[in-house]
Number of protein chains: 2
Amino acid sequence: MATGRTHRPATRSRGIPEATVARLPLYLRALTALSERSVPTVSSEELAAAAGVNSAKLRKDFSYLGSYGTRGVGYDVEYLVYQISRELGLTQDWPVVIVGIGNLGAALANYGGFASRGFRVAALIDADPAMAGKPVAGIPVQHSDDLEKIIQDNGVSIGVIATPAGAAQAVCERLVAAGVTSILNFAPTVLSVPDGVDVRKVDLSIELQILAFHEQRKAGEEAAASDGGAPTAAARSDSADQGPDGDMPAVMPA
Amino acid sequence: MATGRTHRPATRSRGIPEATVARLPLYLRALTALSERSVPTVSSEELAAAAGVNSAKLRKDFSYLGSYGTRGVGYDVEYLVYQISRELGLTQDWPVVIVGIGNLGAALANYGGFASRGFRVAALIDADPAMAGKPVAGIPVQHSDDLEKIIQDNGVSIGVIATPAGAAQAVCERLVAAGVTSILNFAPTVLSVPDGVDVRKVDLSIELQILAFHEQRKAGEEAAASDGGAPTAAARSDSADQGPDGDMPAVMPA
DNA sequence: CCATCTTTGTGCACGCGTTCACAAAGACAT
DNA sequence: ATGTCTTTGTGAACGCGTGCACAAAGATGG
């Protein structure tokens, strides 16, 4: 499992903080929109607003990449798009495979956001023989028997798991054995992988449960408030939970 | 009134840390599996392993809920399932609406994980008149003209947005105006909402970009390593990326 | 060339979250 | 009862991430 005790402090020396890395795609999206509108430069304030973050945070994030801004002016949009793309590794082509072509897998295959940014669906894989050959999103589904060969022939290093929970761990192991070192898991299971392999999870069920928690809390406070309400302090505001950032993903079964 | 000074600092007094809340669903899932296998009790060590976290972290998390364990024995599975469910607000029924019944919306509607835990799909809504009346996952799709009425009639407080990016903000505003206070956003956009409304996002594109970043770094380190020990700074190694935890979701366009 | 105004880049402080490490609590055997 | 062994619950230290606030950098105008 990750956490190989050993290594250092975590993200060290030349490394960019994880929290920053997670925000770079957000900045990139906002910058791309500006680019399409032919906006030449943008200030940290404007860009921060577009990305939904604090401007100080944005400036600090960019400072980890280098000094790409011009004081009194702002940042050059095109240049920044390029720098962030390069930092994220989007200047190269990343072939990905999607395993498990059910409702979700098909939705992912049809998702246009792949090609838009360096990602290319190299293959769709499913364990159901009946699916083999059937085209989904214009790509013929291949049987999982050929998983290893597909991974190797296409030099795939990123895999997306959209299978039922029960099959996820086994698929994960085959992917890793075949050479995949980054996995995006939509199955509602905790995957265990060897050191050096990255796993990120997306789980609808977990996200909903977190929302339910806050929803319940809001209902409780509301009840307590209507009870006599502290005029002044009533200014809850704070903890209006921001949700958006600072948390973790969830999983999504099939 | 209750809790005198009440909140403020953010997650205060009676509050459970956000990071802990985000892990409760994970524990609950592991506990449910144990429960189905009729396992009576479980130690923090075992449960932590099943949930993929550190045992000390798990114990601290549970300590925020109260002292539900027995020293020398562990935790009672059934009791813990109940306590966590209650804390997350899953003992009540949460009607949710899904807006945007494209590939993704349909996949979400078909997702069995809803009913399993207090969530019920109250309605499917789409802007395409051609979709109206067509059943998806056994539920007839309704036109977005009736959005407000649907929300109110069903007492919906949680909404899922699975529309294209362009429509997301407008849908979000209508949902909020109609009474929704928690939103799960799958559209690749930053939603702005008034205070008191929770938004969580799930974005495939962002997740992939984060993986690409780590993938690129791994490739770089590998190259540097095989190079024969770079004198100075070559000592990269560190950051064996943890990926799994501690980050943020991503968005997912349609 | 100097003054002014704008915006970046960052030092610093603070708070949350993680982890260690251990004392206290209880089960269980004798 | 008493002792031993297991496992919880938590005090304390530490590190990461956030946000403030400001000095430095550069643009712009006179």
Side-chain angles (χ1 to χ4, degrees), chain A residues 1-13 15-24 27 40-49 51-77 79-80 83 238-239 241-242 244-248, chain B residues 7-13 15-24 27 40-49 51-77 79-80 83 238-239 241-242 244-248:
Chain A
M1 64 218 37
T3 67
R5 179 83 344 112
T6 47
H7 19 331
R8 339 303 101 74
T11 344
R12 245 336 222 4
S13 58
I16 297 172
E18 265 304 304
T20 295
V21 172
R23 279 188 295 268
L24 290 181
Y27 301 146
T41 62
V42 64
S43 70
S44 63
E45 205 70 52
E46 296 169 314
L47 185 54
V53 305
N54 180 300
S55 71
K57 189 185 295 184
L58 178 145
R59 289 198 298 277
K60 182 149 294 189
D61 282 342
F62 285 176
S63 78
Y64 292 118
L65 307 183
S67 286
Y68 297 146
T70 302
R71 298 176 192 227
V73 176
Y75 300 90
D76 181 274
V77 174
Y79 188 55
L80 208 42
Q83 288 299 341
D238 78 54
S239 64
D241 30 12
Q242 258 302 62
D245 55 87
D247 265 314
M248 35 216 59
Chain B
H7 19 357
R8 291 329 91 38
T11 344
R12 239 342 218 3
S13 58
I16 296 173
E18 263 306 303
T20 295
V21 172
R23 280 188 295 268
L24 290 182
Y27 301 145
T41 62
V42 64
S43 70
S44 62
E45 205 70 53
E46 296 169 313
L47 185 54
V53 304
N54 181 300
S55 72
K57 189 185 294 184
L58 178 144
R59 288 198 300 277
K60 180 144 292 192
D61 282 341
F62 285 176
S63 78
Y64 292 117
L65 307 185
S67 287
Y68 297 146
T70 302
R71 299 176 191 227
V73 177
Y75 299 90
D76 182 274
V77 173
Y79 187 56
L80 209 43
Q83 289 299 341
D238 75 56
S239 59
D241 33 15
Q242 257 302 65
D245 56 87
D247 267 316
M248 40 213 59

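To find a chain, count down the sequence lines: A is the first, B the second, and so on, and within it residues start at 1.
- The distance between atom CD of A:E45 and atom C1' of C:dG9, rounded to the nearest whole Å, is 14 Å.
- Whole-Å rounding puts the B:D61 CG to D:dT10 P distance at 13 Å.
- In terms of heavy atoms, A:S55 sits closest to A:S44 at CB-O, 3.9 Å.
- We find that CD of B:E18 is positioned 14 Å from P of D:dT18, with the value rounded to whole Å.
- Distance A:E46 CD to C:dT8 C1': 14 Å, rounded to the nearest Å.
- The listed nucleotides are D:dG9, C:dG9, C:dT18; the one nearest the side chain of A:R59 is C:dG9.
- In this structure a side-chain-to-backbone donor-acceptor pair under 3.5 Å is present from A:S43 to A:E46.
- Note: CG (B:L47) to P (D:dT6) measures 20 Å, nearest angstrom.
- Backbone-only contact: B:Y75 has heavy atoms under 4.0 Å from sugar-phosphate atoms and none from a base.
- Rounding to whole angstrom units, CG of residue B:L58 and C1' of D:dT8 are separated by 11 Å.
- Every residue two or more places apart in sequence or in another chain that forms a ring-ring contact (aromatic ring centres under 6.0 Å, His included) with B:F62 is listed here: B:Y27, B:Y75.
- Taking the side chain of B:K60 as heavy atoms from C-beta on, and the options C:dT18, D:dT18, C:dG17, the nearest nucleotide is C:dT18.
- With contacts defined as side-chain heavy-atom distances shorter than 4.5 Å, the pair A:L65/A:L24 qualifies.
- Contact annotation: the side chain of B:S63 never approaches that of B:R59 to less than 4.5 Å [non-hydrogen atoms, C-beta and beyond].
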Reading nucleotides 24-30 of chain D from 5' to 3' and marking B where a protein heavy atom lies under 4.0 Å of the base, S where only the sugar-phosphate is that close, and - otherwise, the string is BB-S---
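- The listed nucleotides are C:dT7, D:dT8, C:dG9; the one nearest the side chain of B:S43 is D:dT8.
- Looking only at atom types and distance, the side chain of A:D76 has no donor-acceptor partner in the side chain of A:T41 under 3.5 Å away.
- Taking side-chain N and O atoms only, B:S44 has no distance below 4.0 Å to OP1 or OP2 of D:dT7.
- Separating the NZ atom of B:K57 from the C1' atom of D:dC16 is a distance of 13 Å, rounded to the nearest angstrom.
- As a whole-Å value, the separation of B:L65 CG from D:dT8 P is 15 Å.
- Here the closest non-hydrogen pair linking A:N54 and A:A48 is C-CB, 3.9 Å.
- Here A:N54 reaches the OP1 or OP2 of D:dC20: one of its side-chain N or O atoms lies under 4.0 Å away.
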